[in-house]
Amino acid sequence: MAEKISPEEFIRLSDHIPVIDVRSPSEYGHAHIPKAINIPLFDDTERARIGTLYNHEGKITAVQNGLKIVAPKMVAFTKSALRLNSDKLLLHCWRGGMRSASMAWLFETVDIRCMLLEGGYKAYRNHVLDFFRTPFKIVLLGGKTGAGKTEILAGLAKTGEQVIDLEALANHKGSAFGAMGQAPQPSSEQFEHLIFDKLRKFDPRKIIWMEDESRNIGKAFIPQHLWDQMRCAPMIRVDTDDEIRVRRLMRDYTCFSTEEIVSSIKKIEKRLGSEKCRKAIEACCGGKTEDALRICLAYYDRMYSSQLESRFCEFPEKTGSIEVQNLECSDETLHELIDKSKYFYHETGKNDTDRQ
């Protein structure tokens with residue numbers, strides 16, 4: 001009989017043992033454990049049919065019909081498992097019930113040792129949500145659109161700093177233009193799993209860098225308990241000349257079609273104002289993409305300044321700033337940022353005024 005293990009042990013072992021999710025394709029597609037492989041015992045239609053039978057005719061009838069469905073698939077299931085070239089597998093279904101236990105029995109007939117997630121995916125999900133209550137030493141990287149925050153985060157990661165690029169995990173750059181060139185967004189539930197999978201490997205005693213974000217990044221929402229910590233976290237603002245910001249945006253967005261850019265501009269028409277929206281679209285369609293971007297930047301600058309003032313006006317000691325007047329992120333910029341971040345958590349003996 002397959003061994004049942006706790007969510008903590010299951011997650012630890014998942015770093016070097018394949019995880020098999022035996023839930024239906026739609027369950028898996030909505031959200032799953034990162035890197036888990038879907039080998040569904042039932043497809044979506046079959047699962048619905050078995051559920052209906054269970055509710056109306058009882059467990060025995062449902063099980064017997066389930067066996068009829070599964071029997072022709074058993075050889076294919078074992079072949080899928082054997083192709084993973086692992087003598088151990090981690091399995092789970094929704095609640096750690098019959099689906100995962102049945103698949104584990106089958107895999108063990110071909111000499112694959114199986115371990116089951118106690119409580120199933122539901123237990124994993126609860127563990128993830130509880131994890132976000134862990135106190136983290138977060139430092140936010142702020143700044144206006146086009147300031148180069150993403151490049152700086154990447155540079156910090158290369159130096160060995162603990163960094164979570166929330167926009168990369170969300171497949172969205174955060175603005176009305178954020179979906180351009182990106183893969184489809186994960187569900188908010190899956191987004192939380194991706195964040196958890198990064199955070200769990202970090203040392204919570206050390207600083208963790210994130211970009212200053214809204215609660216939602218596109219359609220994906222930052223988990224509530226993590227968001228609460230971000231709202232209270234210190235921030236270092238990246239100050240960059242407007243012309244450099246425009247150059248960066250031109251570099252990043254002119255590779256897209258006029259139709260894509262116009263579609264993104266239309267998303268902020270109500271906030272931009274109909275007249276400015278019209279001018280931005282006309283500029284874009286007339287080949288003057290830079291003019292269109294400048295009009296949109298003015299809107300984003302006002303919005304960001306308002307958000308910044310409302311969040312930090314009462315706690316100026318939680319803010320710092322750094323000037324970055326080039327397109328590329330230099331080693332000097334990274335070192336200065338790292339030095340400044342230490343003041344917020346009293347990791348140096350310098351005066352607070354030095355960080356400004």
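Fair warning: this is a prediction, and the values are worked out from it, not measured in the lab. Computed over heavy atoms, backbone and side chain alike; hydrogens, waters and symmetry mates excluded.
- The side-chain tip of Arg23 points at the ring of Tyr121 from less than 6.0 angstrom away and within 45° of straight on.
- Under a cutoff of 6.0 Å and an axis angle of 45°, Lys88 and Phe107 do not form a cation-pi pair.
- Using a cutoff of 4.0 Å between basic side-chain nitrogens and carboxylate oxygens, Asp21 and Lys35 are not scored as salt-bridged.
- With 3.5 Å as the limit, one finds a donor-acceptor pair spanning the side chains of Arg125 and His193.
- Ion pairing between Arg113 and Glu3 holds under the 4.0 Å rule for side-chain N and carboxylate O.
- Arg99 is listed as a side-chain neighbour of Arg47, based on a closest heavy-atom distance under 4.5 Å.
- Residues Phe131 and Phe136 bring their aromatic ring centres within 6.0 Å.
- The pair Asp203-Lys137 does not meet the salt-bridge criterion, since no charged nitrogen lies less than 4.0 angstrom from a carboxylate oxygen.
- A donor-acceptor contact under 3.5 angstrom links the side chains of Ser257 and Glu260, judged on distance only.
- Under 4.0 Å is where a charged nitrogen must lie from a carboxylate oxygen, and between Arg12 and Glu8 no such pair does.
- Contact check on Glu46 versus Lys73 returns a salt bridge, with a Lys/Arg side-chain nitrogen under 4.0 Å from an Asp/Glu carboxylate oxygen.
- Between Glu151 and Arg251 there is a salt bridge, since at least one side-chain N of the basic residue sits less than 4.0 Å from a carboxylate O of the acidic one.
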Verdict with reasoning, Phe177 to Met180, per side chain to side chain contact (heavy atoms under 4.5 Å, CB included): CA-CA 6 Å; Phe177 300 82; Met180 294 170 63; 3.9 Å; yes
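- Counting only heavy atoms from C-beta outward, the side chains of Glu27 and Pro40 never approach each other to under 4.5 Å.
- Salt bridge status for Arg294 with Glu290: present, with a side-chain N to carboxylate O gap under 4.0 Å.
- Using a 30° and 60° split on the angle between ring planes, Phe256 and Tyr253 fall in the tilted class, from 30° to 60°.
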Verdict with reasoning, Lys173 to Glu167, per salt bridge (charged side-chain N to carboxylate O under 4.0 Å, His left out): CA-CA 5 Å; Lys173 294 182 180 178; Glu167 293 182 356; over 6 Å; no
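- Salt-bridge annotation for Asp228 and Arg231: absent, with no side-chain N of the basic residue lying under 4.0 Å from a carboxylate O of the acidic one.
- Looking at Tyr124 and His92, their side chains never come closer than 4.5 Å, going by heavy atoms from C-beta outward.
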